[in-house]
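To keep things clear, I will list the structure first and then write my remarks on it.
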Amino acid sequence: MTAKPRTQIFIKFVLLCGLLVGYFGYLAYEYDVATGGVAALLTWSFFVLCTPVADAGFLLDFPLRLLFGIRMVVSEIAVWIVALGLNAVTLLYGPSYYKTTILTELLHKIITIPFPYWGVIVLSGLGTFLSIRFGDELMDVIHHRDRLFFHSHHFKHELILFAFFLLVLFGYYEIISSIGIDAALK
């Protein structure tokens with residue numbers, strides 16, 4: 001017997017939240033509760049701002065879409081606003097928090113050196129919102145909300161978007177390797 005899809009999604013959401021809480025617990029043990037909390041949030045914001053898929057935002061986007069019908073692009077915009085605001089506040093009031101982990105140090109470097117590092121954020125944003133758009137369209141098709149769109153366009157539009165997404169991913173990995181970020185993570 002398998003669980004209902006909503007139950008499976010809820011279980012996965014709880015497991016991902018447990019992972020985040022466990023990471024916070026580890027950082028709180030290593031440093032202190034305040035430093036661990038800020039470092040965990042900065043790590044989350046790294047995955048939001050510096051990866052070209054909606055991974056950190058996926059903690060909220062997909063469950064909100066399934067449970068409440070909120071389009072993933074709307075919740076992802078909110079996720080990006082929170083991540084950018086968190087980094088702005090941390091840069092202004094506590095830049096030393098960036099010295100806690102390898103990812104937070106890398107995030108600090110990406111945020112504070114515009115060229116060429118902001119290219120990582122731009123390409124990550126493009127990739128994230130393209131992947132979210134695919135997710136929203138897939139959910140529309142599954143729920144039969146937008147069948148006429150897919151029949152009338154014969155997937156040409158989606159193929160163009162998918163090709164653009166692949167170009168964004170290629171550009172992202174090229175910029176990561178050209179500025180040496182991939183070596184910093186090894």
Side-chain angles (χ1 to χ4, degrees), residues 13 16-65 68 70-136 164-165 167-169 171-186:
F13 179 72
L16 286 171
C17 287
L19 180 67
L20 185 61
V21 169
Y23 182 65
F24 160 73
Y26 166 75
L27 290 173
Y29 175 76
E30 284 291 314
Y31 301 102
D32 57 61
V33 173
T35 304
V38 174
L41 289 172
L42 289 174
T43 302
W44 170 81
S45 74
F46 172 85
F47 286 108
V48 170
L49 300 174
C50 300
T51 58
V53 290
D55 45 11
F58 196 70
L59 278 171
L60 297 173
D61 299 336
F62 194 62
L64 288 175
R65 174 65 192 247
F68 304 110
I70 298 170
R71 295 196 63 82
M72 291 188 282
V73 71
V74 172
S75 57
E76 189 66 24
I77 289 170
V79 164
W80 272 71
I81 290 170
V82 169
L84 289 168
L86 170 70
N87 280 283
V89 168
T90 305
L91 280 172
L92 286 173
Y93 298 109
S96 63
Y97 287 114
Y98 286 100
K99 295 178 181 168
T100 53
T101 68
I102 293 171
L103 287 180
T104 55
E105 288 177 1
L106 185 57
L107 176 62
H108 184 261
K109 186 175 186 178
I110 290 170
I111 289 175
T112 57
I113 302 172
F115 184 79
Y117 294 108
W118 284 5
V120 171
I121 295 172
V122 170
L123 290 173
S124 294
L126 287 170
T128 294
F129 284 99
L130 283 171
S131 68
I132 286 293
R133 175 135 191 244
F134 291 137
D136 270 337
F164 186 65
F165 179 70
L167 283 172
V168 166
L169 286 178
Y172 174 82
Y173 287 110
E174 285 297 312
I175 195 168
I176 290 290
S177 62
S178 71
I179 58 181
I181 292 177
D182 59 343
L185 292 174
K186 291 179 182 176

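Treat the numbers as computed from the prediction; the structure is a model and nothing was measured.
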Begin with the C-alpha distance, continue with both residues' side-chain angles, and end with the deciding distance and a verdict on side chain to side chain contact (heavy atoms under 4.5 Å, CB included) for Val79 and Thr128. CA-CA 11 Å; Val79 164; Thr128 294; over 6 Å; no

Might you work through the side chain to side chain contact (heavy atoms under 4.5 Å, CB included) test for Thr104 and Phe46, ending with a clear yes or no? CA-CA 7 Å; Thr104 55; Phe46 172 85; over 6 Å; no

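Annotation: the span from Phe129 atom CZ to Glu76 atom CD amounts to 5.0 Å, rounded to 0.5 Å. Here CG of Leu126 is found 12.5 Å from CD1 of Ile121. Values are rounded to the nearest 0.5 Å. Put simply, OH on Tyr173 and OG on Ser178 are 14.0 Å apart, with the number rounded to the nearest 0.5 Å. The distance from atom CH2 of Trp44 to atom CG of Leu103, rounded to the nearest 0.5 Å, is 14.5 Å. For the atom pair Leu169 CG and Phe164 CZ, the distance stands at 11.0 Å (nearest 0.5 Å). Between the CD1 atom in Ile111 and the CH2 atom in Trp118 there is a gap of 9.5 Å [rounded to 0.5 Å].
Using a 4.5 Å cut-off on side-chain heavy atoms (C-beta onward), Val120 and Cys50 make contact. With contacts defined as side-chain heavy-atom distances shorter than 4.5 Å, the pair Thr100/Leu27 does not qualify.
Heavy atoms only, all atoms of each residue included: Tyr172 and Ser124 are closest at CE1-OG, 3.3 Å. Shortest non-hydrogen contact noted between Glu105 and Lys99 is OE2-O, 3.6 Å.
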Side-chain atoms of residues 90-98: list all donor-acceptor pairs with protein atoms under 3.5 Å, sequence neighbours left out, distances to 0.1 Å.
{"residue": "Thr90", "atom": "OG1", "partner": "Leu86", "partner atom": "O", "Å": "2.8"}
{"residue": "Tyr98", "atom": "OH", "partner": "Asn87", "partner atom": "O", "Å": "3.4"}
{"residue": "Tyr98", "atom": "OH", "partner": "Asn87", "partner atom": "OD1", "Å": "2.6"}

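Using modelled atom types, one side-chain atom of Ser45 and one backbone atom of Leu42 make a donor-acceptor pair closer than 3.5 Å. In this structure a side-chain-to-backbone donor-acceptor pair under 3.5 Å is missing from Thr35 to Asp32.
Note on residues 17-43: no pairs pass ring pair (Phe, Tyr, Trp, His ring centres under 6.0 Å), not counting sequence neighbours.
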